[in-house]
Structures are given as C-alpha cells and as structure tokens.
Protein chains: 2
Amino acid sequence: MSVQLKDIAKHLNISISTVSRVINGTGRVNKDTRELILKTIKELGYHPNEVARSLKRKSANTIGVIVPDLSNSFYASVIKGVEKIASENEHSVIVCNSDEDIQKEEEYVQLLLQKQVTGLVIATVGGNPQLFEQYKRSGIPFVFIDNLPNTQENFDVVTIDNVKAGYDLAKHLVDQGHKKLAIITGPQNQSTAAERLLGFQKCLEDNGITVHEKWIGVGQFRRESGYQIMNEWLQQDELPTAIFAANDFLLYGAIKAIQERGLNVPNDIAAVCFDANDETGLVKPQITSIIQPAHMIGSIAGDIIMRKEKNKNLKMFEKIVLEPKLIINESSQTGR
Amino acid sequence: MSVQLKDIAKHLNISISTVSRVINGTGRVNKDTRELILKTIKELGYHPNEVARSLKRKSANTIGVIVPDLSNSFYASVIKGVEKIASENEHSVIVCNSDEDIQKEEEYVQLLLQKQVTGLVIATVGGNPQLFEQYKRSGIPFVFIDNLPNTQENFDVVTIDNVKAGYDLAKHLVDQGHKKLAIITGPQNQSTAAERLLGFQKCLEDNGITVHEKWIGVGQFRRESGYQIMNEWLQQDELPTAIFAANDFLLYGAIKAIQERGLNVPNDIAAVCFDANDETGLVKPQITSIIQPAHMIGSIAGDIIMRKEKNKNLKMFEKIVLEPKLIINESSQTGR
DNA sequence: GTGAAAGCGCTAACAC
DNA sequence: GTGTTAGCGCTTTCAC
C-alpha cells in the first residue's frame, strides 16, 4: 500500500497526469504547482512503481547477465563492468548463475525475456543454436561474451581471439624448450574451450611438435576436473613437461595433483593457463596466464545494449575482439 | 511484438480468461479446450509477460541482494545460496554491488523497492538506521546478513557471532604465545568490523595482554588498506608478532607489505583473518581463518523471505546466528 | 465451463 | 498549463 500517483494528486486536488508530468519532466507545468507537487512527493514519500512503468514502457530497463560461475573472478569483473554502464544509464542488472548447466541457462534466458529485459549479456555454456536464432526474433539484443553460439547467424559479440591467445600461450611454453605438452580444456561445446585447444594444436604443429591424443584432457571448467585429469596422467610412465589449462580452476586442480605427487611446478612440470587473476596476491607459484580485460568486456557489452535500446532500428551486429595480456610468471619458468 | 494472451485467444476464438486459466491452472476448464490451448501456446510460442503479471500480483517474484563487493568469494557464495532458494521457489535474484558505498547502497535499496521485490537480502555498509526503519514500513522483508543495522528496531538477521568469532581467533594467537598483537579492521560503522575488533580486545584483556592503540588499524575492507596500514607499522621500531585482520583482503595486503619488507609469515609475524576462502588451493602461506557458512547464510536468508511471502501477516523477526569454523593453518604456526 | 469487464500503477495522446 | 481517457498484458471477480 505504498503511496502512489493518485494519492498525491488527490492530496493536492489536481490531476494524476500533472503529477506524472513533473515526475518525468515532460510537458510544461506551472512553476508553482511543480514546486508544490515536488514538496508533497517528498512529504508523502512517493516513489514510482517501476513495474507499472516497465509495463507501459514495454521494457524493464534492466540488463540480464547469465554467467556459468559467479565464483569465478573473471565473471565477477565482467558483471561489475556491465553494472557500471547500467547504472550510468539508470538501468539495473539481473545476474543469473547457470552453473555450467545448459538447462538452467535456457530457463534463465526464457525468464529474462519474460521479464522484458532491455538486453541480455550471456556467456553461454553451449546452448542450442536454434534457440538463439529463435530468441533473436524477439528483437531483444543478445550480447555474447566469452563463449560464442555455434551458429552462422549474426550476433553481437565481445570477446578475445581465443585461438590466437591459445597459440600465444602455447608458444610461450614452446619457447621455453618444452616438447612434451599437455592440455586440459573445457567442454568442447563451449567455444572458448574448443578454440583455446585449437590454438594450442596449431602452435605445436607449426613448431613441429607432436600433439599427443593422450595429453588432451577435456573436463568441466572446474578444479575437480583439472585434478582428476592430471592425476590420470601422473599415473602413466611418461609425463608431460608442461601443462596448458584453458582456465584457472582447471590449472589449480592440476597443480594440486602435481604437488601431491611430490613434484614441483615449474621445475618438474611447467604450467600456464587462462584467466589466472590472483585476487590474493599470494598464490604460489605465480601463474603465467592470459588475462582478459574482463571489466572492459562487461562494459562494452553493456554499451552495445544501451546503444541498441536508444536506436531500435539499428540492425547491425558488432563483433568486438579485445586484446588480452600474456602475463609471464614463475609457473612457466623452469629453474634449470 | 511477441505473442500474447489475446493472440492465442483470438486464434482459437475463445476468451482471454479461459486461456489465462489454463496457464495458471486455476478454475475449471474443459479438458479438450485445455489441450487445444496448450497446443497453440506451444505452436505460437507464447510466454507470459512477467512484468504484467508482477503488476497485477504486486510483486515481482524477485529477491534483491545487495553486497559490498561481488569479487569477494564470501558474497559470491551467499548469492549462490540465495539463488538456490529463489529458483526452487520460481523467483529470481537481482544482484547489486554497493562497492562499499553507502550512497550507492541506498540508491539500490530504493530501486529494488520500486521494482517491487519480494524481499531484500542486504549486507549493509552502514546505512542510515532511520532509513531502514522507514523502509520497514514498506512491509517488504529486509534480511540483514553479515553487517547489522545500527538500530533497536527488529529486523531479520542471518549472521555469525562476530564478537565471539573475533575472540576465538584472537585466542588462537594468544595460545601460540603472542603478546604483541595488532589488528586491522574495517569501517567502524560496519558491525562486522566493530564486533570483530571488540572480540579481539576482549580476548586480549581477558588474557592480561595490553591492547595498543597504535596497533589498531582501521581501513576499508580492501587489500590496499591492509597494505597501507601494515606498511606504517613496519616503519616503526617495534613490530607486532601477530596480525589479526577482519577480512581476507585486508590480510592479503598486509602480508604483501610484510613480505616486501623481507619478513616471513608466520616466522616473523603470524597472521590470521576472517573469510580466507582459498578458491585456488595455492595460497601460500595457507591462512588460519574464521570461515563462515556463506552458502547457508544465503539460503537461510532466502528461506526467510519465502516464508514471509507465503505468510504476509507473519509479524515476527528471526535472528539466526550460525556457527563459523576456525580453520587452523600455516599462517599462524610460528616455526620456532 | 466460459466470457465480459474491471483494474494493477503508470504514461501519453488528445482535448480544452 | 491542466485534465480526461485509453491503454500496457495480465488475473480475477462476477455473471451467465
């Protein structure tokens, strides 16, 4: 039962629309009545019902964000980036955690669409391309970050060149003299996982190094996967001299396995990965890593949505490819 | 223009209300027409407009969450906990990041209220008590986590006993023989910061140890604060033998300062803190820390809101105090 | 078992 | 400069 437009109108014996006008700053209103209205708004503590506004406006002035893992600092930064743009434009952000579950992801997309979001920023975990094409017809802008949809359709995209970054990261290991390289990557229906693998393979081929099937590990983007895959390798006779992980959690798991075996990183096995953002500053060994401009990815994605909202008939799709940084650290510098 | 109720009604030459009935499963509808309706809903790809529903329902079926820092894994876990309960109850979650800024926090509270959220989970950074009392009259449940509002009013609260936890953590250092203890805590208008300090002081007093004013550092809950405060101490003649930090970021910053000085943790200076959740498993030294049941805090907070939604006239406030765990690790075990 | 109609709180023509 | 009114898309009485 909060106070609403009609209450303050009644209170002043004027019409509801005049009040609406001063609230929205639209149309001309007599200066004195404006003052009076503003005053009683304060007094009565009126706040507009955003749901009613959204219904009228046909937009909730909200950006929806779907990420696979809220605990991952990369996504946390992306979200902060989106939020910055959103709040600058008086929009809010609904954050959803798909938990790397395609089903959950689809449900959230549906829900956000039903909530009439202005736009959607999504790091898909391999959702059905046909579904995305169908959503596209809703006219609500989808901006893909991180993982791209497996489709020929045009979509807005903000990402890095994962093939190239994978190549560069592998090249760094090759330059250190490594010939026995293993890779731990994520689900192959996630483009990041597939492309980073591709870059890795390409680099090895270009440098005349064999890519061993047995040293291509595929798991979820989680510590447990990295741990488990590494453990299997550690039980074999021949060990790789360097590990390339497609994200940080995979590598943390792998390193745990390596260390439990009494081996040292990097002296026994070197290690590199994507997205090792050390929030603590105390991770040992410090990880050589590809660092994506996460905050910028989020803010650009937010910008695209804002731009499309302002210019509805803008039928254009942007593919923004950002430059990541290769940070070289202990974990790839063999002491020998 | 997406398909809506009237489209599928028109398509079948029946009334809008019948369609609404089958969608909501309310009232009796002829079995055949029901089937038919369900079928065309599929065909035409109808999805209800949640905003319209929310307006009618006067609730957005959404839980709002405001946290000071999305990058903090403690809050990330809390959010996951809230989200779990929300999705079990077909609600969604709006996440807002106040960035430890009271102004931003207030704006977000206002916004969420306007968005007609079902309830609000908030880790306040010291918002105005009168404001909270005013919000309370809105009838929308506020559940406080982590930091409590500085007011006598009753509110729902899910937290730990920070005084006791602070006491226990300090006691651990005392038991290790430390007599020269320093504390780095957060803004004193955040109850966690104040209460952890209180517990620390109480413990020292109980054990006949002087609490030195000069070794009480107050900053933001950030790495930079910890770094800066520790650096100042390091420039003095006398050094503490142990550092107690009110959260993990503060301690990471302090340790950085200590290590840059060429000193060792824990051999030169022992260190403990709250909330050191090591997501990587590679933080060295491993931190002795009070670990809160973050996921549970979130899910209980969500539960309270769901309960209050179901039972509107439930005029009762719950104060849930959970037990944290004290995890003893390297950082407090002096080698001598 | 079904339909007509009111209304959720707001905005924006359109009249005056 | 101000008021009247028609919706936004849905749910829900109330008739029939």
Side-chain angles (χ1 to χ4, degrees), chain A residues 1-38 40-41 44-62 90 111 113-118 138-140, chain B residues 1-38 40-41 44-62 90 111 113-118 138-140:
Chain A
M1 335 266 94
S2 54
V3 22
Q4 54 202 63
L5 270 194
K6 68 160 180 270
D7 295 322
I8 100 120
K10 207 171 289 173
H11 193 263
L12 258 47
N13 240 325
I14 56 177
S15 90
I16 227 175
S17 41
T18 307
V19 184
S20 175
R21 279 190 195 97
V22 348
I23 285 165
N24 295 286
T26 86
R28 300 151 294 267
V29 177
N30 177 294
K31 207 173 171 191
D32 290 347
T33 42
R34 151 171 283 118
E35 300 283 305
L36 209 57
I37 290 174
L38 253 20
T40 45
I41 283 179
L44 271 58
Y46 168 80
H47 296 284
N49 179 324
E50 275 304 321
V51 173
R53 284 181 152 181
S54 298
L55 178 60
K56 186 71 187 171
R57 189 198 305 131
K58 297 188 178 191
S59 163
N61 278 11
T62 296
E90 284 161 317
L111 180 70
L113 254 25
Q114 294 180 196
K115 288 204 173 247
Q116 317 296 114
V117 293
T118 308
S138 72
I140 292 174
Chain B
M1 303 298 104
S2 59
V3 22
Q4 53 200 63
L5 271 195
K6 68 159 178 270
D7 295 322
I8 102 119
K10 208 171 290 174
H11 193 264
L12 258 47
N13 241 325
I14 55 177
S15 88
I16 230 176
S17 40
T18 309
V19 184
S20 174
R21 279 189 196 99
V22 348
I23 285 164
N24 294 285
T26 87
R28 298 150 297 266
V29 178
N30 176 294
K31 205 175 173 189
D32 290 347
T33 42
R34 152 171 282 119
E35 300 281 305
L36 209 56
I37 290 173
L38 253 22
T40 45
I41 283 179
L44 272 57
Y46 169 79
H47 295 285
N49 180 324
E50 275 303 322
V51 173
R53 282 182 153 180
S54 297
L55 177 60
K56 189 70 189 168
R57 191 199 302 131
K58 297 185 178 193
S59 161
N61 278 10
T62 297
E90 283 159 318
L111 181 70
L113 253 26
Q114 294 181 197
K115 288 206 174 245
Q116 316 296 116
V117 294
T118 308
S138 72
I140 291 175

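Everything numeric here is computed off the predicted structure, so don't read it as measured data. Below, read A as the first sequence line, B as the second, and so on, with proteins coming before strands; counting in each chain starts at 1.
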For DNA chain C, which residues in residues 16-29 of chain B have a heavy atom at a distance below 4.0 Å?
B:Ser17, B:Thr18, B:Arg21, B:Arg28, B:Val29
Interatomic distance, A:Glu35 CD vs D:dG1 C1' [rounded to whole Å]
16 Å
Can you list, in residue-number order, the parts of residues 47-57 of chain A that come under 4.0 Å of DNA chain D, counting heavy atoms only?
A:Leu55, A:Lys56
Please give, in whole Å, the distance from C:dC8 P to B:Gln114 CD?
19 Å
Just by modelled atom types, is the B:Ala60 backbone N or O under 3.5 Å from a matching donor or acceptor in the B:Thr62 side chain?
yes
Would you say B:Arg57 and B:Glu50 make side-chain contact, with heavy atoms under 4.5 Å?
yes
Gap between atoms CD1 and C1', on A:Ile37 and D:dG3 respectively (whole Å)
12 Å
Would you say A:Ser20's side chain and A:Ile16's backbone share a donor-acceptor pair under 3.5 angstrom?
no
On a heavy-atom basis, the closest approach of B:Val51 and A:Gln116 is CG2-CG, 3.4 Å
Is there side-chain contact between B:Leu5 and B:Tyr46, with heavy atoms separated by less than 4.5 Å?
yes
For the student: nearest non-hydrogen atoms of B:Gly45 and B:Val3, plus distance:
O-CG1, 3.5 Å
Taking CD from B:Gln4 and C1' from D:dG7, how many angstroms apart are they, rounded to a whole number?
12 Å
B:His47 versus A:Leu113: any side-chain heavy-atom pair under 4.5 Å?
no
Interatomic distance, B:Leu5 CG vs C:dG3 C1' [rounded to whole Å]:
14 Å
Could you tell me whether the side chain of B:Ile14 reaches within less than 4.5 Å of the side chain of B:Ile37, counting heavy atoms only?
yes
Whole-Å distance, A:Tyr46 OH to C:dT11 C1', equals 11 Å
For B:Asn13 and C:dT2, give me the distance from atom CG to atom P, rounded to whole Å.
14 Å
Begin with the C-alpha distance, continue with both residues' side-chain angles, and end with the deciding distance and a verdict on side-chain contact (heavy atoms from CB on, under 4.5 Å) for A:Leu55 and B:Lys56.
CA-CA 11 Å; A:Leu55 178 60; B:Lys56 189 70 189 168; over 6 Å; no
Nearest whole Å is fine: how far is C:dG1 P from B:Leu36 CG?
16 Å
